[in-house]
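Below is one structure, written out as structure tokens; the observations come after it.
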Amino acid sequence: MAQPLQAIRGMHDVLPAQTPAWQRLEAAVRQLVQAYSYAEIRLPLVESTTLFERSIGAATDIVEKEMYTFTDRNGDRLTLRPEGTASCLRAVLQHGLAHNQTQRLWYQGPMFRHERPQQGRYRQFQQIGVEAYGLPGPAIDAELILLSAHLWRRLGIRGLTLQLNTLGTPSERARYREQLVVYLTQYADQLDADSQRRLQTNPLRILDSKNPALADLIAAAPVLTDYLEEASQAHFAQLQAMLDAAGVAYVLNPRLVRGLDYYTRTVFEWTTDVLGAQGTVCAGGRYDGLARQLGGRDIPGIGFAIGVERILAVQAALVGTVQSPELHVCLLMLGAEAEIAGLALSERLRAALPQMRLQTLVGSVKSQFRQADRSGASLACILGSDELAAGTVTVKYLREERAQVTVAQDQLTDVIRDAVPDLSEKNGSGVR
Ligand code: ATP
Ligand code: MG
């Protein structure tokens with residue numbers, strides 16, 4: 001027999017055993033962004049290719065070799081989004097969301113990059129992004145970092161390191177760039193092919209090189225922080241004072257340049273050493289010039305994105321796995337008539353007990369009892385021909401030493417509520 005069709009390399013299914021961990025993370029994020037008053041925005045997966053070329057930068061890895069770009073039936077050049085910031089700002093400009101007001105936004109969804117698939121690096125991966133517009137001062141830089149630190153605490157994740165740097169303004173960067181080129185040109189013959197090309201196009205990118213052979217050379221390069229003017233210095237110092245006062249530790253890393261060209265001033269990454277090479281779980285920064293670059297008015301912006309697969313991997317390593325929520329009730333439907341009455345009964349029960357998790361069973365009597373035993377449910381409710389004739393249900397307690405009872409169908413809600421204490425609480429257990 002031929003192999004059944006497979007998913008695309010680097011694009012993964014999230015299987016039922018894994019979704020509880022995803023849902024718990026999503027619930028924690030939803031709650032936290034609400035607490036900080038960020039509103040959700042939902043963005044298309046496909047944008048015009050120009051949007052990413054103009055924002056991320058033509059000489060970045062993403063635009064040079066990682067984008068899924070295609071021509072559609074109208075002949076338009078389109079790209080599956082490789083990240084969310086560009087789309088988010090595009091939407092903000094298009095709808096005037098930051099016109100005479102500030103905006104705090106968040107989104108989540110899949111991103112697409114044609115990278116070499118490996119642990120923690122996929123071709124479709126999930127990001128949660130948080131962005132703020134219209135706020136030029138360092139307080140919002142600090143707020144976003146505090147929000148992310150707060151999320152790690154909620155998730156029980158300890159031991160992440162916050163790396164912090166500033167990239168200054170475009171003019172500060174231009175002066176630095178000259179000096180960097182002077183320095184790197186001395187060692188041009190030691191650079192790899194990518195870096196030699198970038199020496200002309202985008203020399204700062206060389207600092208982001210993952211090639212270990214260049215590590216020493218990069219470590220001895222001039223640092224941008226030495227080229228900052230007073231305003232940028234003050235912004236960075238103020239941010240550090242805010243983080244100090246809030247008790248968030250950080251490491252200053254003058255080589256942190258990030259993989260995208262649009263950043264100005266603050267950049268940061270949260271890293272871990274439990275994931276091997278793919279150690280960055282969250283990254284972001286300020287991008288004050290980007291709105292102009294996209295043809296809009298001048299709007300300061302800042303944001304970060306969490307790599308969901310990576311943060312879940314850290315959580316699994318540090319905190320352990322998340323169990324699926326338990327089933328409360330199995331309804332055994334013994335025979336065709338019982339199936340007809342049983343489905344109607346199960347709907348009445350679910351309407352009366354919205355938090356209850358109930359599964360109906362079909363099949364032979366033997367198989368249904370076996371399924372109920374293995375299900376982990378607290379109760380087995382049995383609807384056979386005797387019960388049908390009498391308008392009753394037989395209730396078997398699967399997890400307590402307690403004699404089974406036969407009750408009228410309209411008493412069943414009370415019996416279930418009595419046997420499953422979770423369900424009598426006001427808010428129920430829901431998805432934890
Ligand atoms: P890296 O240096 O690991 O390539 P990046 O700088 O390209 O990351 P960003 O564009 O800043 O990453 O994306 C933010 C976060 O999204 C990263 O910190 C990471 O957690 C996650 N991420 C990025 N690319 C991938 C990928 N291919 N697979 C899984 N997660 C990813
Ligand atoms: Mg990358």
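Start at 1 and go down the list; that is how both ligands and their atoms are numbered. By convention here, the first residue in the shown sequence is residue 1.
Taking a 6.0 Å sphere around CG of Asp298, one finds it holds more than 12 heavy atoms contributed by other residues, nucleotides or ligands. With a 6.0 Å radius and a threshold of 12 heavy atoms from other residues, nucleotides or ligands, Gln101 has its CD atom above the threshold. Atom CZ of Arg158 sits in a sparse spot, with 12 or fewer heavy atoms from other residues, nucleotides or ligands closer than 6.0 Å. In Leu15, the CG atom is crowded: over 12 heavy atoms of neighbouring residues, nucleotides or ligands sit closer than 6.0 Å.
For the side-chain contact (heavy atoms from CB on, under 4.5 Å) with Tyr133, the qualifying choice from Leu93, Ile140, Ile299, Leu97 is Ile299, the only one to do so.
Under the 4.0 angstrom criterion for non-hydrogen atoms, Arg113 is in contact with ligand 1. Between Arg310 and ligand 1 there is a heavy-atom distance shorter than 4.0 Å.
Ion pairing of Asp226 with Arg175 is absent here, as no side-chain N (NZ or NE/NH1/NH2) approaches a carboxylate O to less than 4.0 Å.
Heavy atoms from both the backbone and the side chain of Arg121 come within less than 4.0 Å of ligand 1.
Of all the listed residues (Ile128, Ile311, Thr280), Thr280 holds the heavy atom that lies closest to atom 17 (C) of ligand 1. Scanning Glu115, Gln119, Gln118, Glu269 for the heavy atom closest to atom 27 (N) of ligand 1 points to Glu115. Of the listed options Gly84, Pro117, Ala313, Gly120, Gly120 places a heavy atom closest to atom 29 (C) of ligand 1.
Atoms of ligand 1 found under 4.0 Å from any heavy atom of Val281 (numbered from 1 in listed order, with element): 20 (O). Here is the list of ligand 1 atoms found below 4.0 Å of a heavy atom in Lys210: 2 (O).
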